[in-house]
Structure formats: structure tokens, C-alpha cells
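Bear in mind the structure is a predicted one, so any value in this text is a computation, not a measurement. So you know, we letter chains A, B, ... as the sequences are listed, proteins then strands, and number each from 1.
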Protein chains: 2
Amino acid sequence: MTEKQENILSAALKLFAEEGFSATSTSKVAKAASVSEGLIFRHFGNKEGLLNALLDLGQEKAKLVYSNVIFETDPKELIRKAIQLPFNVAKEDHDFWRLQFKLKWELNKYNEASWEPLQVAMTNAFKKLKYKNPEMEAEYIKHFLDGLVGAILRGSPIDDIKMTNFLLDKYQL
Amino acid sequence: MTEKQENILSAALKLFAEEGFSATSTSKVAKAASVSEGLIFRHFGNKEGLLNALLDLGQEKAKLVYSNVIFETDPKELIRKAIQLPFNVAKEDHDFWRLQFKLKWELNKYNEASWEPLQVAMTNAFKKLKYKNPEMEAEYIKHFLDGLVGAILRGSPIDDIKMTNFLLDKYQL
DNA sequence: GTCTATACGTTGATAGAC
DNA sequence: GTCTATCAACGTATAGAC
């Protein structure tokens with residue numbers, strides 16, 4: 001991976017996350033990366049190839065974030081970590097996650113399955129905590145987290161401490 | 001409003017909701033509406049004017065949906081109606097709502113304020129029901145509803161009866 | 001690996017006839 | 001109100017030189 005290649009990737013990530021995939025031209029990416037436009041196609045084949053390279057790179061980061069939650073054995077601690085996910089996610093790799101959310105609407109490219117390990121883990125945690133309906137409880141919190149992350153990524157002003165405390169209290173953690 | 005104008009609007013709504021605003025060309029809209037491309041610009045000025053005409057029309061429908069909830073005086077009934085919103089919304093005016101959700105990501109055109117009346121109404125309802133933290137409770141359910149509506153609009157398979165019953169039970173309605 | 005030059009369809013938009 | 005013809009700018013993508 002040369003320096004120019006990295007320039008292309010980081011410029012593309014930023015632009016795609018900000019303005020969307022379709023609305024970002026390859027020439028814009030080239031300029032932002034201080035690179036000739038042809039180079040993008042040499043390295044990534046076409047515009048979609050560039051997007052996929054970005055997505056592949058992010059995939060590993062996503063797994064890291066998830067694994068910290070789903071391999072937690074203490075059920076209360078697991079729910080606690082899940083609840084804090086939106087606020088952590090928003091700080092590091094902000095652009096990557098914004099791109100993910102944009103893409104699921106722009107290209108209907110939603111990896112619905114990416115939530116699944118987390119949902120299963122939460123279901124299990126709620127089971128251990130003797131909740132009446134663990135499956136629904138997990139789905140409920142999944143939709144909430146999805147909505148919350150989205151709001152944060154769009155820049156909504158959210159009082160994270162207040163929200164976290166409210167949730168910790170609600171789930172008696 | 002002539003027939004051709006209506007053709008343009010309905011074709012545009014469908015295409016914008018399906019494929020996104022940027023990804024839909026005016027020529028595509030013209031073909032789908034069986035109309036010359038020039039006519040679109042005669043009537044709506046430019047592509048964004050067409051989008052705004054669509055949004056204005058939808059605004060009234062949105063108000064109707066909201067008003068049915070927020071003017072409910074019985075707090076339990078209000079929460080019940082709010083909970084059922086995602087499932088009702090998805091049936092009628094599906095394309096309009098899908099466009100709304102797409103737009104808030106594609107053009108960062110999110111009318112954050114559009115949720116506000118509902119949020120205020122829910123806060124009030126939770127107050128009447130003696131909840132410990134009505135404001136946060138309303139915000140919590142807002143994010144949940146946002147996530148849920150999104151999932152439904154993207155075509156996620158969701159068991160609406162199971163989900164509704166779970167929620168009615170959870171909020172003791 | 002990288003750049004320049006270029007091909008060529010598509011895009012949003014306008015002018016003028018009917 | 002509606003259509004046809006037309007435009008310049010921009011879009012993705014390729015070829016060939018260094």
C-alpha cells in the first residue's frame with residue numbers, strides 16, 4: 001500500500017461519508033487526494049471498487065468493536081457495553097460509521113446481518129437476567145441503538161451522560 | 001395541476017424513494033412519467049424544485065399522521081398510538097416516508113424538528129403517568145421509533161403483532 | 001506507480017415551435 | 001401546456017508515455 005493509495009482511500013472515505021457515494025465524483029476524490037484521476041482506476045478498477053476497498057478495511061474495525069461486547073460473559077456488563085456503543089462508535093471511526101449508515105439508505109446496502117451477533121448476545125444476556133421476553137427485549141434495544149447511533153452520526157445534540165445514566169437506571173445496571 | 005404534472009410528481013416520488021435523489025436523473029423521471037424532459041423544468045424550475053414540490057405535498061400528510069397522536073388527551077392512548085405509528089406509516093405513503101428517511105442521509109436534510117411535537121406530547125403523557133424521568137423516556141422511545149420505522153421502510157421482516165404486544169405489555173397499556 | 005490526454009455517454013438545463 | 005432540438009459541463013473510464 002503506497003502513500004498515494006492511502007491518500008485516495010482516506011480522501012474517499014471522508015468525501016463519501018460527507019456527501020454520499022453518488023454525489024462524490026472520482027475527480028473530486030482525485031483532487032482531494034492530490035492524485036491523478038487515472039490512478040484511482042488503476043488501483044481500484046472502478047468507483048465501486050474504491051468503495052468496496054473502503055468497506056473491507058472498515059469491516060475489521062467493526063468486528064473489533066462488536067467483539068468487545070459479544071464476548072463479555074457477565075450479562076449486566078454486556079448490556080452496559082452495548083448501551084455505550086453509540087457514544088464510543090461516534091468518536092473513533094466516525095466517518096466509517098457515517099458511511100455505513102449513508103450506504104444502507106443510498107444503495108440499500110444494509111448488512112442487516114452485521115447486527116445479528118450483537119442481537120444474539122443481548123438475547124442471551126437478557127435470558128440470564130430472567131427477563132420475561134429476552135428475544136423481543138434484544139430487538140427492542142437494537143432498534144433503539146440503531147436510531148440513537150444514527151442521530152449521533154447526523155450530529156444531533158445528545159446529552160450522552162444523561163442518556164447513559166437513564167439507560168443504566170432503566171436496566172438496573 | 002394537470003395530469004402530466006401529477007404524472008411527473010408520482011413518477012419522481014417513486015424513483016427518488018427507490019433509488020435516491022442524486023441517482024435519479026431528470027430524464028429517467030420524464031420517461032417514467034411519459035413526458036418530455038423539458039416539461040419538468042417548465043413546471044418545477046429545476047431538479048431541486050421538483051423535490052421540494054414533493055416534500056411540500058408530503059408535509060400535509062405527515063401533519064395528519066402526527067396530529068392524530070399528539071392531540072390525544074388520554075396519556076395511555078397517546079403512547080399506544082405512538083407505538084403503532086411505524087406500522088401504520090409503512091402502509092400508506094410508504095414511498096413518501098422512504099424518501100424522507102433517504103433524504104436525511106443523502107442530503108443531510110433532516111427535519112429534526114418534525115419529531116418535536118410528538119416528543120413533547122409523549123413527554124407530557126409520561127408525566128401524567130408518573131414516570132420518573134418523562135423527558136428521557138420520551139427521547140428513548142423516539143430513537144426506538146426512528147430505528148424501527150427505518151427498519152420497516154428498508155423492508156426488514158418484522159413481526160408487527162409480536163412487537164406491538166411486547167410494547168403494550170412493557171408500557172402497561 | 002504515476003501522470004497526461006482523451007474518449008464518449010449522461011447530466012441538468014434552455015430556446016423556440018406548436 | 002407541451003414537445004423537440006440542442007448545449008456545455010461533468011461523469012466514469014481507458015490508453016499510452018514516463
Side-chain angles (χ1 to χ4, degrees), chain A residues 1-58 95 98-100 102-109, chain B residues 1-58 95 98-100 102-109:
Chain A
M1 179 84 58
T2 68
E3 198 191 326
K4 302 251 172 185
Q5 282 182 63
E6 278 169 10
N7 283 354
I8 293 170
L9 285 170
S10 71
L13 175 58
K14 199 176 168 188
L15 286 168
F16 289 171
E18 266 171 22
E19 321 195 357
F21 178 69
S22 307
T24 303
S25 65
T26 48
S27 80
K28 235 191 259 178
V29 175
K31 269 171 205 154
S34 309
V35 144
S36 74
E37 202 178 344
L39 196 58
I40 294 177
F41 294 93
R42 268 257 166 258
H43 284 311
F44 303 100
N46 56 26
K47 199 186 168 188
E48 217 187 319
L50 174 56
L51 177 63
N52 288 330
L54 240 30
L55 260 24
D56 288 345
L57 277 175
D95 278 340
R98 198 134 79 98
L99 178 59
Q100 289 282 354
K102 272 203 133 101
L103 253 31
K104 82 179 174 188
W105 286 104
E106 189 180 339
L107 304 182
N108 308 321
K109 219 179 187 181
Chain B
M1 180 84 58
T2 67
E3 200 191 324
K4 301 252 173 184
Q5 281 182 62
E6 278 168 11
N7 284 353
I8 293 170
L9 285 170
S10 71
L13 175 58
K14 198 175 167 189
L15 285 168
F16 289 170
E18 265 170 21
E19 321 194 357
F21 177 69
S22 307
T24 303
S25 65
T26 47
S27 82
K28 235 191 259 176
V29 174
K31 269 171 205 155
S34 308
V35 144
S36 75
E37 200 178 345
L39 196 58
I40 294 177
F41 293 93
R42 265 258 166 259
H43 284 311
F44 304 99
N46 55 26
K47 197 186 169 188
E48 217 186 319
L50 175 56
L51 177 63
N52 287 330
L54 240 31
L55 259 23
D56 288 345
L57 276 176
D95 277 339
R98 197 135 78 98
L99 178 60
Q100 290 283 354
K102 272 200 133 100
L103 251 32
K104 80 179 175 189
W105 285 104
E106 188 181 340
L107 304 182
N108 308 320
K109 221 179 188 180

Next item on the list: Check the distance between dG12(C)'s C1' and I40(B)'s CD1 and give it to me in whole angstrom.
Entry: 10 Å
Margin query: Rounded to whole Å, how long is the line connecting atom CG of L15(B) with atom C1' of dG12(C)?
Written below: 16 Å
Check: Judged by atom type as modelled, is there a donor-acceptor pair below 3.5 Å linking the side chain of K102(B) to the main-chain atoms of E18(B)?
Finding: yes
Notebook entry, point to check: Starting at the 5' end of DNA chain D, which residue's closest nucleotide do you reach first, G38(A) or G38(B)?
Noted result: G38(B)
Notebook entry, point to check: Would F44(A) and L9(A) satisfy side-chain contact (heavy atoms from CB on, under 4.5 Å), going step by step from the backbone distance to the final call?
Noted result: CA-CA 10 Å; F44(A) 303 100; L9(A) 285 170; 3.9 Å; yes
Next item on the list: In whole angstrom, give the distance that lies between atom NE2 of H43(B) and atom C1' of dG12(C).
Entry: 17 Å
Check: Looking for any heavy atom pair under 4.0 Å, which part of the strands does Q5(B) touch: base, sugar-phosphate only, or nothing?
Finding: sugar-phosphate
Next item on the list: Please say whether more than 12 non-hydrogen atoms of neighbouring residues, nucleotides or ligands are located less than 6.0 Å from NZ in K14(B).
Entry: no
Notebook entry, point to check: To the nearest angstrom, how far is N46(B) atom CG from dT14(C) atom C1'?
Noted result: 13 Å
Notebook entry, point to check: Could you give the start and end, 5' to 3', of the contact zone on DNA chain D for chain A, using atoms under 4.0 Å from its heavy atoms?
Noted result: dG11(D) to dG16(D)
Next item on the list: Check the distance between dC8(C)'s P and F41(A)'s CZ and give it to me in whole angstrom.
Entry: 16 Å
Notebook entry, point to check: How about N46(A) and T26(A): do any of their side-chain heavy atoms sit closer than 4.5 Å?
Noted result: no
Item checked: Sugar-phosphate, base or nothing in reach of T24(A), heavy atoms under 4.0 Å -> sugar-phosphate
Checklist line | T24(A) and E19(A) side chains, donor-acceptor separation under 3.5 Å | finding: no
Next item on the list: Please check if atom NZ in K31(B) has more than 12 non-hydrogen atoms from other residues, nucleotides or ligands closer than 6.0 Å.
Entry: no
